[in-house]
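In what follows, a single structure is set out as structure tokens and then discussed.
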Amino acid sequence: MDESEKIKQLKKKRNAIILVHNYQRADVQDAADFVGDSFGLSQKAVASGADVIVFCGVDFMAESAAVLNPEKTVLMPEISAQCPMAAMITPEALKLEKQKHPDAAVVCYVNTSAAVKAESDICCTSANAVKVVNSLAEKEIIFVPDRNLALYVASHTEKKIIPWKGYCPTHHLILPGDVMLEKEEHPDAEVLVHPECRPDVVALADKVLSTAGMLKYAAQSDAREFIIGTEMGLLHRLVKENPGKKFFIATEYAVCPNMKMNTLGSIIRALEKNELVIKVPENVRKKAKLALDRMLEAGRGD
Ligand code: 13P
Ligand code: SF4
């Protein structure tokens, strides 16, 4: 029996669903019940009637699913699939920042630990960061941990944004020169970039979108060619869902090694051995859930 068949059998046996981020390996995406961006995956985690959620993404995504679904078993196939940006802020450091700005609200990008979410007023994703910030009553916002997303939000709000200094090492490898080169070679292409990109790359974009936002935009646009400024894994769906359109990655260096750790074999192992179960201490979970619930209530932005 091949690996996909084995996964189907195990899913049935355990009443499991497989949630997969848009940056995962192509064969892992093809084994999914749902493939999406961080916002869509959080929504699906809540809506599912499954007993078991296998989360193929990185640590903070599985942890968010566990925060939102304490009664379900959330499995992470590869525990080493950790997001380096999420590790760039700790709850202790955030507490100190809050003391410096007592009137500010705290917005945390979903790429954070549950403990950091528990210290925040509301979460956001790349799809709704501007919408979330503008929905708040406070005039000052501490925005953690992604500096680039914070700067992007700052250019779309009247509020004072206090950025943290984190960044995504993968999106930082997309350079303005890469985009310029692709533009020279494909002058009719539209440039779609993720807001985790550096500001000088964002400045070259026609549209700044989450991964699901890029998929939606590319499907609806009259353009036939697109330059894509995000992690390479998104090209799998862009190409598959848009026959006849062409997609050029801004740079082949835009690979997130952490996102690529999950395999069909590790999904099988997770379901067979019931590992690794993600659990969040109840006092942290309850507070983190408030921040995630508020984000889901705010809705998707793009
Ligand atoms: P989205 O898919 O939500 O745009 O997130 C990108 C990302 O970097 C997730 O780690
Ligand atoms: Fe983290 Fe960047 Fe990888 Fe997303 S692409 S998981 S933000 S390192």
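This one's a predicted model, so the numbers in the text were calculated from it and none came from an experiment. For reference, positions follow the sequence shown, starting with 1.
- L19 and L75 fall into different hydrophobic clusters, where Ile, Leu, Val, Met, Phe, Trp and Tyr residues are linked whenever their side-chain heavy atoms come under 4.5 Å apart, directly or through other members.
- R198 and D200 are joined by a salt bridge, as a carboxylate oxygen and a charged side-chain nitrogen come within less than 4.0 angstrom of each other.
- At least one donor-acceptor pair closer than 3.5 Å links the side chain of D206 to the backbone N or O of V191.
- Formation of a donor-acceptor pair under 3.5 Å by the E231 side chain with backbone atoms of G233 is found in this model.
- Ring pair H21/Y23 is perpendicular by interplanar angle, where above 60° counts as perpendicular and below 30° as parallel.
- Within 6.0 Å of NZ on K98 lie more than 12 heavy atoms contributed by other residues, nucleotides or ligands.
- Between K207 and E190 no salt bridge is recorded (no basic side-chain N to carboxylate O distance below 4.0 Å).
- Minimum interatomic distance between M61 and S38 (heavy atoms only, all atoms of both residues): CE-OG, 3.7 Å.
- Using a 4.0 Å cut-off between charged side-chain N and carboxylate O, R269 and E78 make a salt bridge.
- Residue K260 qualifies as enclosed at atom NZ: its count of foreign heavy atoms under 6.0 Å is above 12.
- Contact check on K100 versus E97 returns a salt bridge, with a Lys/Arg side-chain nitrogen under 4.0 Å from an Asp/Glu carboxylate oxygen.
- One finds a salt bridge joining K240 and D30 here, because a Lys/Arg side-chain nitrogen approaches an Asp/Glu carboxylate oxygen to under 4.0 Å.
- Salt bridge D33/K44: absent, no basic N to carboxylate O contact under 4.0 Å.
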Subject >> Pair T211-D37, side chain to side chain donor-acceptor pair (under 3.5 Å): steps then yes or no >> reply: CA-CA 6 Å; T211 56; D37 68 352; 4.8 Å; no

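- Salt-bridge check for K6 with E272: passed, with a basic side-chain N closer than 4.0 Å to an acidic carboxylate O.
- Heavy-atom neighbours of E282 CD from other residues, nucleotides or ligands within 6.0 Å: above the threshold of 12.
- Residue pairs meeting the ring-ring contact (aromatic ring centres under 6.0 Å, His included) criterion with at least one partner in residues 89-145, sequence neighbours excluded, do not occur; the list is empty.
- Aromatic pair H171/Y167: ring centres not closer than 6.0 Å.
- By the 6.0 Å contact criterion, CZ on R147 is open, its count of non-hydrogen atoms from other residues, nucleotides or ligands being 12 or less.
- With 3.5 Å as the limit, one finds a donor-acceptor pair spanning the side chains of N22 and R237.
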